[in-house]
Each structure stands twice: as C-alpha cells, then as structure tokens.
Protein chains: 2
Amino acid sequence: MSDGASPRAARELPVFEPGSAGRSLPQVKQPPVKQPPVKERADAARNRARVLAAAERIFATRDDPREVTMDEIARAAGVGRATLYRRFPDPASIAVALLDQHEFELQEQILRGPPPLGPGASPGDRLAAFYAAMAELLERHLPLALGAETGKARFATGAYGFWRAHVRVLLAEAGAPDPEAAVDAALAPLSPEVYEYTRHTLGHSKDRITASLTWLARRLTGD
Amino acid sequence: MSDGASPRAARELPVFEPGSAGRSLPQVKQPPVKQPPVKERADAARNRARVLAAAERIFATRDDPREVTMDEIARAAGVGRATLYRRFPDPASIAVALLDQHEFELQEQILRGPPPLGPGASPGDRLAAFYAAMAELLERHLPLALGAETGKARFATGAYGFWRAHVRVLLAEAGAPDPEAAVDAALAPLSPEVYEYTRHTLGHSKDRITASLTWLARRLTGD
DNA sequence: CCAGAAGTGGTCACTGTGTCCACTTACATC
DNA sequence: GATGTAAGTGGACACAGTGACCACTTCTGG
C-alpha cells in the first residue's frame, strides 16, 4: 500500500480502496468532531492481520459461509471478542474487507489494464471480459462473496459502486435507453447466490457459466 | 382446493401447488414408510390459518422482514411455539407458503391465460409480460419475497422451478444457444434483493424498473 | 361412546450477540 | 530511559432466539 507512483488524482470511477474497510476505528455511536487518529498502533495492526487471516481460513473451510460467527473468528484469531467488535460490526463486514483486497486488482485492470478488460475495446467486448473476470473471482472466492451478503448492508460490497459505474458507462455507450436503471439488471447475474446455485446446485461448469454470461453481454450491448 | 373442474393431468411445467407448503406434516427426522395422514384435523387447520394470517401481518409491518422471528409469529397468532415448529422449520418457510398463494394465480395466467402472458404471443412479448407481472408481484409482496430468501433453502421459493422452466422455454424459442444456462441469468434481475435495492435504496419507480426489464426482455430474445 | 392418534403449549438447555469495564500496552513527550 | 495517557484488550454479563421435549388436551374413526 506504499506505492508512491501513479497518483490517483483525476479519476472518473469511484475506486474503493482496500484496507479502509476495518479501519473506521472506534465504533462510537456518533462520530464526534475529533478526527480518529490517522495512525494505528502496532499491536492493533498485528491483531487485525491475525483476524483477517483467521477469518479467511474459516470462511474458506465452512460449509455455509453465512453461518460464520463472530465468536468463532475471535477464538480462531486468538483475540477477545470485544477486540473484534471494535473494528467489525459483524462477520459480513470481515468478508467484505477480505473480498475488497481481491477486487482491487480487478479494478486496476479495468481502469488501466489492456483491452478487452481495460479501455480501448468495444462495449460488448469489455462487458464480456468483465463478466468473465467476475466469474473467475466468484469461482475463487465464492465463500467470501457469500459471507459478504449476510449482513445488514447489502450491495455494500465496497466495490459494488465501482462495478456499477463501470457497467453503466458500457451500457450507455452501447445505446441502452436508461443505463442507470438497466445496470442493476445487468449486474444481477453476478450475485454470489446465483453463481452458487448454477455452479453447485445445478452443477454447471465455470466455462459454461462464463459462456452464458458472454452471450448475455453480447445481447445487452447489441453485439 | 376442491375445484373439481380442470384436471391438472397433462402438464409440461412443474406447477407448484400452494397449500402444500406447511403441510409436510410431522417434522420427523427420517420420514418413515408410513404415509403422513392425508387429512388434517379441523383445529389444526384453524391454527394454520391463524398462523398464516398473523405472519402476513407481521411480515408486511416489519422494517426488515428478514428479522421476523418464530417466537414473534407464534405470539401474534396466539399459538405455542411448538405448534408453529410442527409445520414450519423457520420464518422463511412461512413466507414461502404465503408467497406461493399469490404466485399461483400468476402461474395459471401463464399456463392458460390470454397473451401476452399466456401462450400465443412471441417469446419477446411473453418474456416482457412475465417480467412486468413479476415486478408487480414484487411491488405488492416485497416483504414476503425478502423474508422467503432468508432460510437455508434458497431458490426454493416453491415456484422458482416453474418460472425457470417457463423462461427457459422462451429463451429456447428465441434461439439462445444454451437456454438451460442462460435462464438463471435471465431470472437474476427479479431477485427480491435487487428489486428492493433499485426500488427503495435508489428510489426508482416501479414503472422505470418495468421499462428496464422490458428492454432486457427484448434484448434477450432478439426482439 | 371411547381409545388412541394428532395436536398443543409451557419449559429447558444452549448458542450467539452486543455492551461494559477494569486492566494492559504502546508510544509521544520530556 | 522514564512516564503519563489514551488506545487497545479480553473476560463477564444480560438478553434474545432456537429447537427439542413432554405432559396434557382435543379431535375423530370405528
């Protein structure tokens, strides 16, 4: 997180920066005027790393990631429950924090990577590439994605706003009459629940799902 | 449930019959060979009606229908908790039972009603009509739909299999290369969570959402 | 009418939650 | 280095919901 290069000044899309997830430090009821201290104590950072590592392990192991409990994570991390609650209000927010780390790389590729994921290709190609990349992400981190959907703040997967803005632009370029309304329909098939259902309940292969999403991308953008 | 007319013998689509939801009577661990008795005792039926009525009221009232609890429903229905557990394993299953009642009518219209919802219209028109009808259903029964998504059995909304079969046929008629895989992507925008997000978090009108779904239907079926 | 099956509701042990508070530890300052 | 202080920590507590159990009641077929 200390790359001095590439200042992120002029950006069109709302980039979600990973690491800012579990750091809204004290969970005070009303954030007072006083800014929370910018610097994190060393032991706190160490514990946060422990928590995230333990949580990643647990989410990956569990049968149903939606059943992971705060108590369980705290015990696995060797940390008191209050310590956990200090940063994360519920297990879902931990999954979100972990997921953001993985999603950030994809955001970079979309913003500055080579086509068709990055700028330069046609809307149809870019949308298809985006779908494929998201399917890949879901394939690898499905437990986290499922766990992130549990809490009260749905569609708050941190990066959702980014995907939304990206796809909305693509739909607009493709001539959709109301991209702002269409974009959520276009993103719905990427919901972790849908992926889990087709992938594991129905048993479709990742390639088959990706092919279907590619077809969808072509249809949505009019080829 | 005693309409002697129109025997439902030869059907292509898996119709979900409402009323069969809370009636898999005893929640035994392993259903023994002995068939559960076909007839329901009069007092049991009365209580079931009470439970459903109370639950409908509660689901509609609550801020977040996902937080409705068995205890709450039992108290509101004036019924012991064990009585409730006898028929329904969790609040979600009660929401499913209620929702099925409303979905059944739509199923009938699709099977035997006039076009464009019923048979006779083009795939594009039928899909658009289906989307519009589902949006209407969600608009009216969103709390139930959200509550039904809570439990462990997702995509088990009873009727989901029906919608799935219907839309799969439409996509096949429209020439989709892999309707079996595409159908879940086509149904994803109808997820209650997506509807809630666009409708209430973003504040889009029902008409705007419907218009967008109509656009989607045209795109999916190639007009 | 009545035997027995189906249905009922109060109770119990248990799990996870969220908050609180007394103690500990890191770090800025001297 | 010593030290004051605020951030950080973990155990404890009260509470809510669960799911199962069981003694009791009520319905219904013969």
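Letters go in sequence order (proteins before strands), and every chain restarts at 1. For the numbers below, each heavy atom of this structure counts, side chains included, while hydrogens, waters and symmetry mates do not. Note that the coordinates shown come from a computational prediction; the quantities given were computed from them, not determined experimentally.
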Please check if atom CD in Glu105(B) has more than 12 non-hydrogen atoms from other residues, nucleotides or ligands closer than 6.0 Å.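 Counting other residues, nucleotides and ligands, CD of Glu105(B) stays at 12 neighbours or fewer.
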
Counting only heavy atoms not in Gln109(A) (residues, nucleotides, ligands), do more than 12 fall under 6.0 Å from its CD?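 Count over threshold, so yes.
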
Measure [atom1]/[X] against [atom2]/[N] and give the value in whole Å, please.
{"X": "Asp90(A)", "N": "dT19(C)", "atom1": "CG", "atom2": "P", "result": "12 Å"}
{"X": "Glu67(A)", "N": "dG19(D)", "atom1": "CD", "atom2": "P", "result": "10 Å"}
{"X": "Arg87(A)", "N": "dG8(D)", "atom1": "CZ", "atom2": "P", "result": "6 Å"}
{"X": "Arg46(B)", "N": "dT26(D)", "atom1": "CZ", "atom2": "P", "result": "11 Å"}
{"X": "Asn47(A)", "N": "dA26(C)", "atom1": "CG", "atom2": "C1'", "result": "13 Å"}

Identify which nucleotide among dG9(C), dG8(D), dG10(D) has an atom closest to any side-chain atom of Arg86(A), counting heavy atoms from C-beta outward.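 For the Arg86(A) side chain, the nearest candidate turns out to be dG8(D).
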
The side chain of Arg81(B) is closest to which nucleotide in this list: dG9(C), dT11(C), dT9(D)?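 Nearest to the side-chain atoms of Arg81(B), counting from C-beta on, is dT11(C).
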
Report yes if some heavy atom in the side chain of Gln107(B) is under 4.5 Å from a heavy atom in the side chain of Arg112(B); otherwise report no.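 With C-beta onward as the side chain, the pair stays apart.
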
Residue whose closest nucleotide on DNA chain C lies nearer the 5' end, Ala82(A) versus Val68(A):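 The residue closer to the strand's 5' end, by nearest nucleotide, is Val68(A).
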
Restricting to ring-ring contact (aromatic ring centres under 6.0 Å, His included), what partner residues turn up for Tyr195(A), sequence neighbours left out?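 ring-ring contact (aromatic ring centres under 6.0 Å, His included) list for Tyr195(A), sorted by chain: empty.
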
If every non-hydrogen atom of Pro189(A) is compared with every non-hydrogen atom of Val194(A), which pair is closest and at what distance?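 Minimum heavy-atom separation between Pro189(A) and Val194(A): O-CG1, 3.8 Å.
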
Taking only side-chain N and O atoms of Thr83(B), does any of them lie within less than 4.0 angstrom of OP1 or OP2 on dG9(C)?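 So the side-chain polar atoms of Thr83(B) do come within 4.0 Å of the phosphate oxygens OP1 or OP2 of dG9(C), strictly under.
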
Residues of residues 69-76 of chain B with any non-hydrogen atom less than 4.0 angstrom from an atom of DNA chain D: list those, numerically ordered, please.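 Within residues 69-76 of chain B, the residues near DNA chain D are Thr69(B), Met70(B), Asp71(B).
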
Ion pair Arg66(B)/Glu149(B), N-O distance below 4.0 Å: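 No salt bridge links Arg66(B) with Glu149(B).
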
